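Position 1 is the first residue of the sequence; numbering continues from there. All of these numbers come straight from a predicted model, not from anything done at the bench.
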Amino acid sequence: MLKIHQNQKSVGLAASLLSLVLIIALLYTLQSVLVPLMFSILLAISLFPIARFIEKYKFNRVTASLLAVLIAIILIGGLVWFIVHQVLIIGANGDDMQVRFVHILDTIRHWITIRFGVEEGQITKQITTFTNRVVSNAGAIVGAAFGSVGSILAGVVIVPLFTFFLLYYRDFFREFFFHAFISTPKELVSQVLDKIYYVVQSYLVGLVTVMGIVAILNTVGLLVLGIPYAWFFGILASLLMLLPYIGIAIGSVLPALFALATKDSAWYAVGVIAWFQVVQFLEGNFLTPNIVGGKVSINPLMALVGLLLGGMLFGLAGLILAIPMTAVLKVVFDAIPSMTAFGFLIGEPEQYHLKKFSGKILMKRWKINNVPASNDA
């Protein structure tokens with residue numbers, strides 16, 4: 001009997017792993033539909049308070065949903081126009097910066113020759129080889145990062161349409177979940193849906209708030225250093241916060257290079273990178289914990305795993321969607337008795353997990369008497 005029970009557990013585990021593999025394969029296959037749909041869901045959750053506010057003034061749901069989507073299009077379109085306009089202005093002065101960069105490269109090459117005794121011809125050859133390799137792969141790199149022009153244009157059209165219908169049919173979709181989980185108490189289904197909305201809404205509002213504060217801090221630092229186009233670089237770096245943990249660091253590279261091209265001293269570039277690191281420290285240790293806080297309780301390790309998995313599945317879009325989708329998974333796992341352990345694993349540790357004698361505390365909580373000696377340290 002024991003052997004049969006063990007075989008049944010093995011078969012169940014194998015079935016679960018196979019189901020997980022099939023789900024991941026399905027997600028990867030359907031990413032052209034799922035990615036815009038997930039972005040639309042996030043946008044619809046963000047716009048729901050606006051649509052509900054408009055409906056209070058006797059507008060019907062169609063009009064309110066359409067106005068909410070139009071407001072989002074205007075705001076996002078204005079932000080895109082600002083970035084493109086600034087890029088065109090900077091590009092108009094590209095000749096002077098090109099001369100400056102050539103001078104910087106010559107200086108670096110001369111320093112390497114003196115410091116390491118490498119012939120300039122060898123350096124030039126290596127740079128040429130590297131440049132040719134980058135240029136030859138440029139199409140593949142750009143295509144992988146941003147997708148084809150057709151898919152981008154399709155997303156520009158499809159995402160607003162999806163968002164409109166998600167707002168307009170929101171109660172219809174809510175009832176769908178009551179039908180889908182017919183054997184589950186309707187109060188529990190409603191509570192889970194409300195919890196998902198609250199977690200995602202809190203994350204999005206908190207993220208936008210933190211991005212606004214970071215944009216101001218970035219810009220102030222660049223203005224103090226006298227870097228041209230400070231607002232552009234400050235806002236661009238804050239937008240890169242959509243890539244958690246690495247966004248601000250990436251955003252510091254462009255203004256640092258620009259400082260090298262426009263200033264007489266390399267210390268300006270060092271100052272830019274140093275200031276952006278200070279801002280990243282403030283964001284990670286004070287701004288995000290206090291503004292977003294425990295509303296999205298995901299521990300950093302699982303957040304990084306989610307980022308890696310999201311990037312593998314959906315590329316750049318997966319990096320942006322990883323954190324909110326992981327937060328939704330935690331809410332769902334917490335509501336399913338057989339999956340609560342995984343919800344616990346995704347969540348943040350309690351204070352007692354981080355104390356010096358956490359091993360003893362853990363054993364006492366679970367009423368285990370044989371405490372290993374290694375846990376006493």
Side chains of [X] and [Y], heavy atoms from C-beta outward: is any pair under 4.5 Å?
{"X": "Thr63", "Y": "Asn60", "answer": "yes"}
{"X": "Val272", "Y": "Leu225", "answer": "yes"}
{"X": "Leu345", "Y": "Met302", "answer": "yes"}
{"X": "Leu34", "Y": "Leu27", "answer": "yes"}
{"X": "Leu67", "Y": "Ile50", "answer": "no"}
{"X": "Gln280", "Y": "Ser252", "answer": "no"}
{"X": "Leu304", "Y": "Leu307", "answer": "yes"}
{"X": "Met38", "Y": "Pro324", "answer": "no"}

Candidate pair Ile158 and Leu37, rule side-chain contact (heavy atoms from CB on, under 4.5 Å), full reasoning: CA-CA 8 Å; Ile158 290 174; Leu37 179 59; over 6 Å; no
Which atom of Leu319 lies closest to which atom of Gly311, heavy atoms considered: CD2-CA, 4.0 Å
Closest non-hydrogen atom pair between Leu222 and Pro255, with its separation: CD2-CB, 4.1 Å
Examine distances only and state if a side-chain atom of [X] and a backbone atom of [Y] form a donor-acceptor pair shorter than 3.5 Å.
{"X": "Trp275", "Y": "Leu217", "result": "yes"}
{"X": "Ser358", "Y": "Leu354", "result": "no"}
{"X": "Thr288", "Y": "Glu283", "result": "yes"}
{"X": "Lys263", "Y": "Gly226", "result": "yes"}
{"X": "Lys58", "Y": "Ile54", "result": "no"}

With a 6.0 Å cut-off (strictly less than), is the heavy-atom count around [atom1] of [X], excluding the residue itself, greater than 12?
{"X": "Lys355", "atom1": "NZ", "value": "no"}
{"X": "Tyr28", "atom1": "OH", "value": "no"}
{"X": "Phe342", "atom1": "CZ", "value": "no"}
{"X": "Tyr268", "atom1": "OH", "value": "no"}
{"X": "Gln277", "atom1": "CD", "value": "yes"}
{"X": "Phe281", "atom1": "CZ", "value": "no"}
{"X": "Met312", "atom1": "CE", "value": "no"}
{"X": "Phe59", "atom1": "CZ", "value": "no"}

Remaining members of hydrophobic cluster (4.5 Å side-chain criterion), Val270: Trp267
Full working for side-chain contact (heavy atoms from CB on, under 4.5 Å) between Ile336 and Thr340: CA-CA 6 Å; Ile336 302 175; Thr340 52; over 6 Å; no
Please output the side-chain donor-acceptor pairs of residues 231-240 that fall under 3.5 Å, not counting sequence neighbours, one pair per line with the distance.
| unit_1 | atom_1 | unit_2 | atom_2 | d |
| --- | --- | --- | --- | --- |
| Ser238 | OG | Ile235 | O | 2.6 |

Any residue meeting ring pair (Phe, Tyr, Trp, His ring centres under 6.0 Å) with Phe82, in chain and number order, not counting sequence neighbours: none
With sequence neighbours excluded, residues passing ring pair (Phe, Tyr, Trp, His ring centres under 6.0 Å) with Trp81: His85
Spacing of OG1 belonging to Thr209 relative to CD1 belonging to Ile291, to within rounding of 0.5 Å: 6.0 Å
Pairwise distance CG(Leu223) to CG(Asn218) - rounded to 0.5 angstrom: 11.0 Å
Proximity of Phe48 and Tyr197 rings by center, below 6.0 Å: yes
Output field: ring centroids Tyr168/Phe172 closer than 6.0 Å: no
Worked check of side-chain contact (heavy atoms from CB on, under 4.5 Å) between Glu175 and Asp171: CA-CA 6 Å; Glu175 187 171 355; Asp171 292 327; over 6 Å; no
CA sep, side-chain torsions, deciding dist, call: Tyr203, Leu207, side-chain contact (heavy atoms from CB on, under 4.5 Å): CA-CA 6 Å; Tyr203 170 76; Leu207 179 63; 4.0 Å; yes
Plane angle bin for Tyr169 and Phe165 - parallel if under 30°, tilted between 30 and 60°, otherwise perpendicular: parallel
Those residues that, when tested against Glu55, pass salt bridge (Lys or Arg N to Asp or Glu O under 4.0 Å) (two or more places apart): Arg61, Arg170
Non-neighbouring partners of Arg52 that pass salt bridge (Lys or Arg N to Asp or Glu O under 4.0 Å), sequence neighbours left out: none
